[in-house]
Structure formats: C-alpha cells, structure tokens
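Note that this is a predicted model, so its numbers are computed, not measured. Residue numbering restarts at 1 for every chain, and letters A, B, ... go by the order of the sequence lines.
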Amino acid sequence: MPFASSSSRPRFLRREADSDEESETSSSGGEDDLEEDFPEEAQVEEDTTDEVAPGKRKKPPPITISLKRVCKVCKQSGHEAGFRGATYIDCPRKPCFLCKTPGHTTMSCPHRVAMEHGVIPASARNTKTPLDYIFMRQLKAKIPKIKPVYVIPDQVDCGLIRFHSRRVTCLEFHPTKSNILLSGDKKGQLGIWNYDKQHERTIYGSIHSCIVNNIKFSLRNDAMAYTSSSDGTVSCTDMETGISTLLLDLNPDGWNGPANWRMLYGMDVNTEKGVLLVADNFGYLYLLDVRSNVKIGEPILVHKKGSKVVGLHCNPVQPDVLLSCGNDHFARIWDARRLGTESCLASLAHGRVVNSAYFSLLTGNKILTTSQDNRIRVWDSIFGNLESPSREIVHSHDFNRHLTPFRAEWDPKDPSESLVVIGRYISENYDGVALHPIDFIDTSTGKLVAEVMDTDVTTISTVNKLHPRDQILASGSSRTLLIWKARQEDWEAKKQPEKRPKQFIFRRNEKKANGKFDSDSGGDSDDDDSNGKKRKAKKRQGKYKKLVW
DNA sequence: ATGGAATGTTACC
DNA sequence: TGGTAACCCTTCCA
C-alpha cells in the first residue's frame, strides 16, 4: 500500500453551508455580492410573466438583448443558479433537484439534511404470504441475527489511473484472480489492470466500436471475458491474448440509420444452463448457448416495444429466474424456462427509467433497483407483495447524458444483504472543494453509513464495484479508475468491536473533529474560489502520485 | 482561461 | 402516435 503510510488517517472534511439558515439567511459577505449582481431596477420589469394563470400558455419571450443577468436554469432574472464557490445554489423556481418535490431547493430538502438521507418507511401492513414464511424459514440459518460491522474501503490506493481515453462505463473484478480489474469505456475499449502491480495494464481497442455496457465471465474458462456493447455485438475475449470471438452481431449490414441500429445493454450468464442472455434497445431479449455459440430461439419482447432494456440479472440461487429492467419504467421478473411476452411473473413499477435491477447475491430473495426518479428501491422478498417496494431511499443519482448511469450495487460480502454502494450526483462543499462522494447505504434502515471521497477526485464517480472477497472498492470517475482500500485500523476494529471508535461507522460524525486542511490561514471566508483552488493545489502536492497514461 | 462539443432521455407538440 | 427541441450541480480540451 504505497500511500497508506503518508498519513495515518485522511483529514476529515468539514461540510459547509450545510443548512438553509447558513447559506441563505445569514448576512455574511456573500449577500453583498448578490445585491451587486442584481440591482433593484433589474428585477422589476418582467414581472408580468409571473402572473400568467396556470393552464394558460406563456407568451414566447420577446427577442431582446439584455445585459441583465438571468438564471441559467429558468432564464428569469432576480436570482442565479450555479456554483458560488464550492456550494451549488439551486434555481428556486424548479422542483428540488434531490427529491423532485416543488416548494423547496436541495439546500433545504429534508432528505438532504436528515442523517437518514431520505428514507420513505415501509408500509405498516403485513404483506407477507404463506410462501414467504416458508422461504424465510429456509433462509433463516443464513441470515445473521446481529448486524455486521461494515468495513468501508475509503482510502485511495494505487493512485489515480487514466488509461481510458473516454469515460468508464463498466467495471468488473476478475472472478478468480484477485487484483485484476476489468473496465470498459465509451469508446469500446476493454482495460485490464493489475492494481497490485500498478504498471501492469493492458487495453484492447478493437473488440468494440462504441460503449462497452457489460463485462461477464465464462465459468468454464476464467481467462475469457464476455462483453456486450452498443455496437450491437457480444464478444468473447481471451484476456491474455486479446483475441476475441464475435458471438452475436445484431447489425451485420452496418449502419442503416438510428431506427435500425441495435445496441446491446443488459447481459448476464446463466451458469447452470450455460446460456448467455443479452437485451437490446428495442425491448428484445436474445439467448445464446455459450458452448456452441449458437443463438437459441427467436428474440423475445421483454419490455415495451422500442424501449431500451438496460439490465439483466439471473437469480444467484435460481438462475432460471431472470430480472430485467428498462426504459419503460419497469423491472420485470421472468421464468427463463418459459419465456414469452405473456409469461412475465411480476412487473415492478418505477417513477422513471430503471438504471439497474439486481437480486441480492447470497439468497437471491431481495431486489435492489436504481431509478432516474432519484430513488433506490428495495423489495425484501421476491415471494412477498411486489406491488410496492419495501423501502424507497431518496438519493441523488439523476440522469445526465454525459455521465454513465448510476447503479446501486450490493456489497457481495455483506451477509445481511443490506449494504449498498452508489455514487452521488450532487456535490457538497467540503471545506471549499465541491466533491461528489460515493455513498454506502444500509438499505435495511436507509441510513447513510459512509460517504467516501478524496480531494483529488473532483469528478462524479458513477461506476462503482465492490470486490467479491477483499475489502476493496473500484470506481470509475470519468476517465479515471480508482482503487479504494479499507484502513488497517478498521480491520483491527472489526476484529474487536468493543474497541471500535464510535465514529467508525458514521464518517459524517468524524468531520467536525478535524475540519481543516493543513495550516490554511484563509480563516472562515468560506466560498472564496481562489482560496479553494489554492487549497486544492496544496493538497495535491506530494499526497500521492498521479498515474496518467 | 473560457467556451464549445459530445450526447440520451424526456417533455411537449 | 411520432418527431424534435430542450436540458439540470459534466468533463475535457481547443
């Protein structure tokens, strides 16, 4: 661990402008700036547009050239959305950017301020069926009675590596060889990185011609990786040689316009049957025999015709039970043995596009979904009432065309099947630097267990993967790959829970202790941008090597 | 240092 | 229903 020794613990970052009061009602220096930006006269003129009765259409805005400063979100004057220093000020005329409810901004959103980070409690009624109880009894032995202590990989190890030329779109740890991380990018390249020997990395550039959406492995031969791509192909690549075989090509005749170009998103392998499942952007599912590389049957419509199927997951306990999710706002459960448009076992409704849907990894009995309505949903039992989720957790992971969609993913090592990792879209002002943490959420309570960040990572970490065996987190943040490891003290503490410091679990509580960077003399002038940059530069120096290729 | 491009989904007609 | 403009806390590089 090359960097663990440089500082025993990362300095804790204080969050600024945390509450409404601080940022909006206090009469600090910032207020004066505001008044300079918006002199009284500037506000009055166009108030008529505000008076238009709801229902009536607004007049198209007259074409006038004005030097007045307007809000870049709503184009109205009198306020301005955007960063002020490292704090983002919302447009007050838009619904909350976090919970999507009108009437307040992100700054004062109850889901943001609350430690619980926005849980909507499960309904009180008992929704369990007799089948559910039988299943619970079967599983009871597997489920621990005491909540496990989580060890959070929160310290950057191995530097920041940049060998992808476009943003990272998917990550997967090698199934058997520890220390090997595979990564796909928007350009279609496949990266293989031995993060224990930093310089051992390979990039294969000619497997796909655009976005690699999924990487899965062959269980028969763990030297082979399957990849699905928006170029409409599935490839099987030998990770040693880079030689790849085309398993499926949905665009054999090349480009015939966007209405005909097929892209492959969701993919999974039914290891029991040796069947590879992929789904396209028109709602269809394709099955392939892994041994013979032959297509099985005809494509099956699993989501609304013409809509993208973004995710597929075979149940880890019953691989014939398939979970799909798509742009039609649904996640669906299927019996893969009797697939057909009419044979859907359950449809889970969402407010928006569903970015991902996963069965829990040990018992396969829970479902976790991430939707573009900024909510993470958990169904506690696939045998229970699936009409509404057991819990909805409000969390900022909006869609943005420039970002790889966020997906909440289970910690494969958590025996209680509750811990989940997901990157956060909205930033916080951490002592003058706007950072986008990676959130660890206990989905059984909705509590934010840890927010992981580093001042050298100012971009959004949309792709996150927890190691199947080690206390390691891999992140893809724009073009950068990161490996986070847990601190040694945390391991020791896990072995001896009674010696565990209180702040061990909730990093938020730690922040106030050592809120400052170094010996910064900038006082409390908060949002001074140049000051923030200086701090950033100072932090960068000598902390750890930046590895860029 | 600053503005433009890349670019997917949704809302609205 | 299909077509298209808008868009929202991006990121990188001319």
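- Put simply, the side chain of Arg424(A) never gets that close to the backbone of Leu435(A): no donor and acceptor are under 3.5 Å apart.
- Regarding contacts with the backbone of dC12(C), a side-chain N or O of Ser478(A) is found under 4.0 angstrom from either OP1 or OP2.
- Dashed line: the shortest gap from a side-chain N or O of Arg479(A) to OP1 or OP2 of dA6(B) is not under 4.0 Å.
- Counting to the nearest Å, the P atom of dT7(B) and the CZ atom of Phe399(A) are 12 Å from each other.
- Ring pair His313(A)/Tyr358(A): centre-to-centre distance below 6.0 Å.
- No side-chain heavy atom of Trp484(A) sits less than 4.5 Å from a side-chain heavy atom of Asp157(A).
- Rounded to whole angstrom, the span from the NZ atom of Lys308(A) across to the P atom of dT7(B) amounts to 13 Å.
- At the phosphate of dT10(B), OP1 or OP2 sits under 4.0 Å from a side-chain N or O atom of Gln372(A).
- In this structure, the nucleotide among dT10(C), dC8(C), dT7(B) sitting nearest to the side chain of Lys75(A) is dC8(C).
- The glycosidic torsion of dC9(C) lies more than 90° away from 0, placing the base in the anti range.
- As a whole-Å value, the separation of Lys94(A) NZ from dT10(B) P is 15 Å.
- For Ser427(A), the listed nucleotide lying nearest its side chain is dC9(C); candidates were dC9(C), dT11(C), dG8(B).
- Phe83(A) comes within contact range of at least one nucleobase, with a heavy-atom separation under 4.0 Å.
- At whole-Å resolution of the value, CG in Asp185(A) and C1' in dT7(B) are 16 Å apart.
- The residue among Lys186(A) and Val353(A) whose nearest nucleotide of DNA chain B lies closer to the 5′ end is Lys186(A).
- Between Tyr88(A) and Phe83(A), the ring planes lie perpendicular to each other; the angle is over 60°, past the 30° to 60° tilted range.
- When the C1' atom of dT9(B) is taken as reference, atom NE2 of His329(A) falls 9 Å away, rounded to whole Å.
- The side chain of Val73(A) lies closest to dC8(C), out of dC8(C), dC9(C), dT10(B).
- Counting to the nearest Å, the C1' atom of dG8(B) and the CG atom of Asn400(A) are 9 Å from each other.
- If you take atom C1' in dC13(C) and the same atom in dG8(B), they sit 22 Å apart, rounded to whole Å.
- Position along DNA chain C of the nearest nucleotide to Ile426(A) versus Ser165(A) favours Ile426(A) as the more 5'-ward residue.
- Ranking dA11(B), dC9(C), dT11(C) by closeness to the Leu403(A) side chain, first place goes to dT11(C).
- The nucleotide whose nearest atom lies closest to any side-chain atom of Arg162(A) is, among dC12(C), dG8(B), dT10(C), dC12(C).
- Between the CG atom of Asn355(A) and the P atom of dG8(B) there is a distance of 14 Å, rounded to whole Å.
- In this structure, Tyr425(A) has its ring center closer than 6.0 angstrom to the ring center of Phe97(A).
- Side chain of Arg352(A), nearest nucleotide from dA11(B), dC8(C), dC12(C): dA11(B).
- Rounded to whole Å, the C1' atom of dT11(C) lies 23 Å from the corresponding atom of dT10(B).
- A salt bridge links Asp280(A) and Arg262(A); the closest N-O separation between the charged side-chain nitrogens and carboxylate oxygens is under 4.0 Å.
- In this structure, NE2 of His402(A) is placed 15 Å from P of dC13(C), rounded to the nearest angstrom.
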